[in-house]
Protein chains: 2
Amino acid sequence: MDIKIVDVANKAGVSPATVSRVLNGNAYVKSKTREKVNQAIADLGYHRNAFAQNLRSQKSMTLGIIVPDINSSYFAEIIKGIENMAYSRKYRAIICDAENQPEKELEYLSLLLSRTVDGMIIATPAISDEEIVRLSDKGYAIAVIGKNIDHPKVPCIFTDNVKFSREVIDHLVGLGHRDIVFLSGYAEAVDSFERLEGYLKGLKEHHIPFRPELVENGNFNEAGGYEAMMRLFDKKISFTAVYAANDEMALGVYKACAERGIRIPEQIAVVGVDNNRISKYLTPTLSTVNQPKYAMGAVIAEKLIDQMNDNEFSEKRVFSVDSELIVRGSSGGPKASS
Amino acid sequence: MDIKIVDVANKAGVSPATVSRVLNGNAYVKSKTREKVNQAIADLGYHRNAFAQNLRSQKSMTLGIIVPDINSSYFAEIIKGIENMAYSRKYRAIICDAENQPEKELEYLSLLLSRTVDGMIIATPAISDEEIVRLSDKGYAIAVIGKNIDHPKVPCIFTDNVKFSREVIDHLVGLGHRDIVFLSGYAEAVDSFERLEGYLKGLKEHHIPFRPELVENGNFNEAGGYEAMMRLFDKKISFTAVYAANDEMALGVYKACAERGIRIPEQIAVVGVDNNRISKYLTPTLSTVNQPKYAMGAVIAEKLIDQMNDNEFSEKRVFSVDSELIVRGSSGGPKASS
DNA sequence: TACTTTTGTGAAATCGATTTCTTAATAACG
DNA sequence: CGTTATTAAGAAATCGATTTCACAAAAGTA
């Protein structure tokens, strides 16, 4: 038996409307009345019923976030950024872990359709650009992390995959490597494609001919990276460096090399992407590309909330953030964690 | 302009009540009518408004989870267990990351009070047992991970800290160690206390006198573990093994040892707790205690949901799960990751 | 003083789905 | 065939907070 607004109204000898006004800081309330009401609220230990409030306002002050996996420091950091920004704007976040399953992504997307969340931030690859455009046109508030959606109402934040991939190649070539393997992620992700593009451009700049047999798919996970390396070893082709499109796959590379007794970086240099928390604890420490994860989360959350509220399709909608290459032991930097 | 139930009703030529019956699978609807309604729903692309539904049912089908940190594989795994169980029971989960700040825990707790979630799972130390008992008495649905709350309506799941801590000591003593450091976590957590208790009992069993100077507090995080080790080194006391109350602190131990040029496990053996994902990638691999994290999450979520629904204070409310010691390179096992 | 503007408050409508209460139409049964 | 169950479906009340509308009281202005 919960206390409702009428109970407070009765206790204070006013109407529910007046209680509501006090609750919402409406100015047209005598200070004496306000006091009476506040006293009644305190006496009864009244809490407003969020369900009724949501129905009336058609808002839940809740953001949904869909990520491929929360047990990855990459997404965990992004989530923290979103969460803190949302919290400061009085929003809550519902985190949806799609566990790398495209079906789950779509199921979670229906959260938005059922209007339990006011807006949604998508950081997964399986939800297509067309679907996002369609939903946005229908009036749903959506923001995207990791790719650029061509729609005036969809805030996007991503990093320049091509740019940092070229830097990675620069770095490796600078160390004398010419036979550089590229481990790609699954095909649905733009990240896979763009990092490959950067790899190709990097080679071209250094006039190194592209050898297709040096590209393998590792599905962005450790097992995939391991298997891809095994395939490469079995092919008996020579290479001296591996650029893995993320750190998870680099873990698989380490494992495969350990099994074959190949030393990193002496025999094979390795560079990953994401600056996963694990990367600096490996032996040797893993060279990787760091993205400003926390900031990315915070920025996209802020933009989405802004847009949901004032509907002013803000000056800036698309954010490309810079990533930096961190050179560690796996490609010539200090081998131990500092 | 969303489509509502009346629109569907009009289109199908029936009353909103009938549409609701179709929506909720009520048997008293002619199959012909049902078809008409379903057709109208499909034609209009109707989605029920969750806010109205929540208000009517006074339920949101949402669970809140408060954890100290999502960027820790320990909690991430627990969350996955909760999430999947909740999902299969048609519940959603709101994950609240308290970021190791007691104030944040309390703020999130107020989420529950505002009734936006139907139940809450607490995995943080700062919310006191008394508070939990008080809220449960008030009718809020709460479950707890990591400690045992003495209240008939609060499902709890935890592991026997004393038991596995004794096993850790057994293991270390078995390797010939007698001067074993204990790195404790912050005092608010029962885990700290109970793991210390197990450490003491373990020593006693082996007739090893307790030396208080071998106990240091590392606050459950890497920096704390590092600083604690530095204090120990500076005290110039001798010891040959460290039992860290979690893997995070063990990371700090590794770092401190690296700086001082101390070899693990030759000079100092190390054992942690949690089987954090990182632990098996360290060099040497870290011996640790594994808890069935995913299963713990799933079990507690199931119990909470059961209790919220049928109110039958189920036979079993308190779950003590077994943990197992995983011996790796830091205490004599294989040094490289397998 | 008479009239306009600003304050202050209550009654009632609203948000949209569900459910109770009715009533009507069939079906089942003696 | 008449009477009781069962099935089917609508009207209206309900969940609880907010807001519009209406009106009165107080304050300000000519």
Side-chain angles (χ1 to χ4, degrees), chain A residues 1-41 44-62 90 110-118 139, chain B residues 1-41 44-62 90 113-118 139 309:
Chain A
M1 264 294 282
D2 278 340
I3 294 125
K4 27 191 166 173
I5 203 169
V6 273
D7 301 324
V8 176
N10 291 338
K11 173 117 185 174
V14 297
S15 76
T18 299
V19 177
S20 173
R21 280 188 265 261
V22 171
L23 248 21
N24 295 294
N26 184 311
Y28 292 140
V29 180
K30 256 202 278 191
S31 59
K32 232 179 170 176
T33 313
R34 189 181 302 276
E35 276 170 37
K36 272 194 302 183
V37 170
N38 281 325
Q39 188 58 52
I41 289 172
L44 296 170
Y46 169 77
H47 278 280
R48 11 143 123 49
N49 182 307
F51 299 140
Q53 203 174 25
N54 290 349
L55 172 60
R56 187 63 233 237
S57 63
Q58 291 296 316
K59 280 196 214 167
S60 59
M61 300 304 282
T62 303
K90 300 206 181 305
S110 72
L111 253 188
L112 178 63
L113 303 176
S114 71
R115 295 278 192 211
T116 27
V117 298
D118 296 343
Chain B
M1 264 290 285
D2 278 340
I3 293 126
K4 27 190 167 172
I5 203 167
V6 274
D7 301 322
V8 176
N10 291 337
K11 174 115 182 172
V14 297
S15 73
T18 299
V19 178
S20 173
R21 281 187 266 258
V22 171
L23 249 21
N24 295 292
N26 185 309
Y28 291 141
V29 181
K30 254 203 279 189
S31 59
K32 233 181 171 175
T33 313
R34 188 181 302 276
E35 274 169 39
K36 274 194 301 183
V37 170
N38 282 325
Q39 189 58 52
I41 289 173
L44 297 170
Y46 168 77
H47 279 280
R48 351 148 134 52
N49 182 307
F51 300 141
Q53 203 174 25
N54 290 349
L55 172 59
R56 188 61 233 236
S57 63
Q58 293 295 316
K59 281 195 214 167
S60 59
M61 299 305 280
T62 303
K90 300 206 181 306
L113 303 177
S114 73
R115 295 279 194 206
T116 29
V117 298
D118 296 343
N309 290 326

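So you know, we letter chains A, B, ... as the sequences are listed, proteins then strands, and number each from 1. Excluded from the calculations below are hydrogen atoms, water molecules and symmetry mates; all remaining heavy atoms, backbone and side chain alike, are included.
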Counting only side-chain nitrogens and oxygens, does [X] get under 4.0 Å of the OP1 or OP2 atom of [N]?
| X | N | value |
| --- | --- | --- |
| A/Ser57 | C/dC15 | no |
| B/Thr18 | D/dG10 | yes |
| A/Tyr28 | C/dT7 | yes |
| A/Tyr46 | D/dA17 | yes |
| B/Arg56 | D/dG16 | no |
| A/Gln53 | D/dT18 | yes |
| B/Asn24 | C/dA17 | no |

*side-chain contact (heavy atoms from CB on, under 4.5 Å) evaluation trace for B/Arg48 with B/Asn24*: CA-CA 11 Å; B/Arg48 351 148 134 52; B/Asn24 295 292; 3.0 Å; yes
Would you mind reading off the distance between [X] atom [atom1] and [N] atom [atom2], rounded to a whole angstrom?
| X | N | atom1 | atom2 | answer |
| --- | --- | --- | --- | --- |
| B/Lys30 | C/dA24 | NZ | C1' | 12 Å |
| B/Gln58 | D/dG16 | CD | P | 5 Å |
| B/Asn26 | D/dT7 | CG | P | 11 Å |
| B/His47 | C/dG16 | NE2 | P | 16 Å |
| B/Asn10 | D/dA11 | CG | C1' | 14 Å |

*Taking all non-hydrogen atoms of both residues into account, name the closest pair between A/Ala12 and A/Val37 and its distance.*
CB-CA, 4.0 Å
_Under 3.5 Å donor-acceptor, B/Asp7 side chain and B/Lys4 backbone_ = yes
*Polar side-chain contact B/Arg21-D/dG10 base: donor and acceptor under 3.5 Å*: yes
*Could you walk me through whether B/Asn309 and B/Lys59 pass the side-chain contact (heavy atoms from CB on, under 4.5 Å) test, one step at a time?*
CA-CA 11 Å; B/Asn309 290 326; B/Lys59 281 195 214 167; 4.2 Å; yes
*Given D/dG16, D/dT18, D/dT19, the nucleotide with the shortest approach to the side chain of A/Asn49*: D/dG16
